[in-house]
**Q** 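The following block contains the structure, expressed as structure tokens.
Computation of the quantities below employed the complete heavy-atom set of this structure, encompassing side-chain atoms and omitting hydrogens, waters and symmetry-equivalent molecules. Letters go in sequence order (proteins before strands), and every chain restarts at 1.
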There are 2 protein chains.
Amino acid sequence: MIRITREADYGILLMTYLAQAESQALSAAALAQQRHLPLPMVSKILKTLARAGLLTSQRGALGGYSLARPPAAISAADIIGALEGPIAITECSEEGHDGCCSRQAYCEVSGHWPRINQAIFNALQGISLLEMSRPDPLQPVQFHPLRQTVTANAADHPI
Amino acid sequence: MIRITREADYGILLMTYLAQAESQALSAAALAQQRHLPLPMVSKILKTLARAGLLTSQRGALGGYSLARPPAAISAADIIGALEGPIAITECSEEGHDGCCSRQAYCEVSGHWPRINQAIFNALQGISLLEMSRPDPLQPVQFHPLRQTVTANAADHPI
DNA sequence: TCTATATAGCACTAATCTAGTACCGATTTC
DNA sequence: GAAATCGGTACTAGATTAGTGCTATATAGA
Ligand code: FES
Ligand code: FES
């Protein structure tokens with residue numbers, strides 16, 4: 001169902017909390033307690049985010065993590081990308097397989113995968129941590145169709 | 001890395017092929033051979049797509065599958081949704097858990113997940129099978145940044 | 001200096017999910 | 001009636017994810 005891993009899920013929960021405490025450094029233990037998440041996971045995730053440059057860490061007593069950039073300058077794509085690697089929706093569009101996939105000779109879609117990835121990346125890039133950390137969104141769970149193809153029926157896809 | 005399953009991947013490859021043969025019915029075996037994919041998988045995928053109403057099937061000798069709607073009226077979201085269920089990026093935003101997830105009481109992101117899902121859904125909805133089945137896209141593998149947050153660096157995300 | 005606190009990094013296990021296969025029944029053409 | 005082809009379900013092996021554990025390193029304060 002096009003899902004992100006739980007690590008990335010937790011990552012966003014943690015980042016939103018840090019966005020609210022803006023400059024104050026919070027320890028992994030404190031964050032785990034606030035968000036009611038398992039401490040080892042929280043610890044692992046924060047380490048990864050720090051290595052990716054999204055958080056700055058302070059070791060030792062009274063240490064902890066804080067955002068490396070203002071919340072408006074961090075996007076959902078940044079966080080997910082840091083925790084799951086580059087956003088590539090199919091094996092085909094990943095880099096590193098010598099640049100191309102084994103089915104390429106028989107495939108006419110190949111040029112379109114990057115477009116699809118790009119579309120998703122743009123969608124995630126357009127959502128900032130600042131927006132996500134606002135206590136309540138203006139637009140709740142309501143459905144809001146924008147661009148649809150001809151006969152597609154929104155009710156079939158209860159997001 | 002936000003990936004779709006291989007089933008959905010194959011599904012798109014098969015649908016694009018069917019889009020090119022438009023009205024002509026093709027058997028699972030023929031499609032598997034053309035796309036060089038394992039027949040049992042192809043068979044399974046086509047069954048699912050038919051049940052979802054995206055394909056019409058004809059049984060018996062000379063039978064096969066053909067598109068139920070014109071390619072312009074089928075989107076990437078339709079295909080992926082049919083093969084992987086509704087597009088829900090996290091456990092939290094799925095329906096059916098009595099409507100809400102266990103972390104809700106301690107979570108301030110909750111209202112934003114639907115927006116994120118919606119963004120991705122719109123991105124996929126905006127790509128039609130007609131576009132995907134064109135032999136070669138106008139815009140190849142080139143990078144094309146649209147909406148970016150402040151300091152995000154496109155080069156960090158080699159889609 | 002010593003100790004408590006906290007991150008850094010790596011290795012490991014169990015549970016879950018995916019990919020792929022197999023089988024049997026139903027339907028249509030010849 | 002025989003051959004082709006779809007319909008549905010159940011099953012297995014492999015890959016991935018979720019979560020844990022341990023040790024080293026750095027900092028603050030007594
Ligand atoms: S699926 Fe890889 S080239 Fe088309
Ligand atoms: S993660 Fe489920 S309510 Fe926030």
**Q** Taking the nucleotide of DNA chain D with the closest heavy atom to each, which residue, A:A61 or A:P40, is nearer the 5' end?
**A** A:P40
**Q** Taking the basic N atoms (NZ, or NE/NH1/NH2) and the acidic carboxylate oxygens, is any pair closer than 4.0 Å for B:R3 and A:E84?
**A** no
**Q** Can you tell me whether the side chain of A:R59 and the base of C:dT7 have a donor-acceptor pair closer than 3.5 Å?
**A** yes
**Q** Measure the distance from CD on B:E7 to P on C:dG20 and round it to the nearest whole Å.
**A** 9 Å
**Q** Identify, between B:K44 and B:L26, the residue whose nearest nucleotide on DNA chain D lies closer to the 5' end.
**A** B:L26
**Q** What distance do B:S43 atom OG and B:L37 atom CG have between them, rounded to the nearest 0.5 Å?
**A** 12.5 Å
**Q** At 4.0 Å (heavy atoms only), tell me whether B:A28 reaches a base, stays on the sugar-phosphate, or touches nothing.
**A** sugar-phosphate
**Q** Reckon B:Y10 has a side-chain N or O less than 4.0 Å from the OP1 or OP2 of C:dT18?
**A** no
**Q** OP1 or OP2 of C:dT5 sitting under 4.0 Å from any side-chain N/O of A:S27?
**A** no
**Q** Nearest 0.5 angstrom please: B:L130 CG to B:Q20 CD, how far?
**A** 10.5 Å
**Q** Could you give the distance from NZ (A:K47) to OH (A:Y65), rounded to the nearest 0.5 Å?
**A** 6.5 Å
**Q** Between D:dG7 and B:S57, is there an OP1 or OP2 to side-chain N/O distance shorter than 4.0 Å?
**A** yes
**Q** Does B:P38 reach a base, just sugar-phosphate, or nothing at all? Heavy atoms under 4.0 Å.
**A** sugar-phosphate
**Q** Rounded to whole angstrom units, what separation is found between the CG atom of A:L62 and the P atom of D:dT27?
**A** 13 Å
**Q** Check the phosphate of C:dG9 against A:R51, side-chain N and O only, distance under 4.0 Å to OP1 or OP2. Yes or no?
**A** yes
**Q** Using OP1 and OP2 only, check whether a side-chain N or O of A:R6 sits under 4.0 Å from D:dG19.
**A** yes
**Q** Take the protein atom CG of A:L46 and the nucleotide atom P of C:dA8, then report the distance between them rounded to whole Å.
**A** 9 Å
**Q** Could you give the distance from CG (A:L129) to CD1 (A:I79), rounded to the nearest 0.5 Å?
**A** 5.0 Å
**Q** May I have the distance from A:L39 (atom CG) to C:dA6 (atom P), rounded to whole angstrom?
**A** 11 Å
**Q** Could you tell me the separation between the CG atom of B:L83 and the C1' atom of C:dT18, rounded to a whole number of Å?
**A** 13 Å
**Q** From OH of B:Y65 over to C1' of D:dT5, roughly how many Å is that when rounded to an integer?
**A** 8 Å
**Q** Quick one: B:K47 NZ to C:dG25 P, roughly how many Å, whole number?
**A** 14 Å
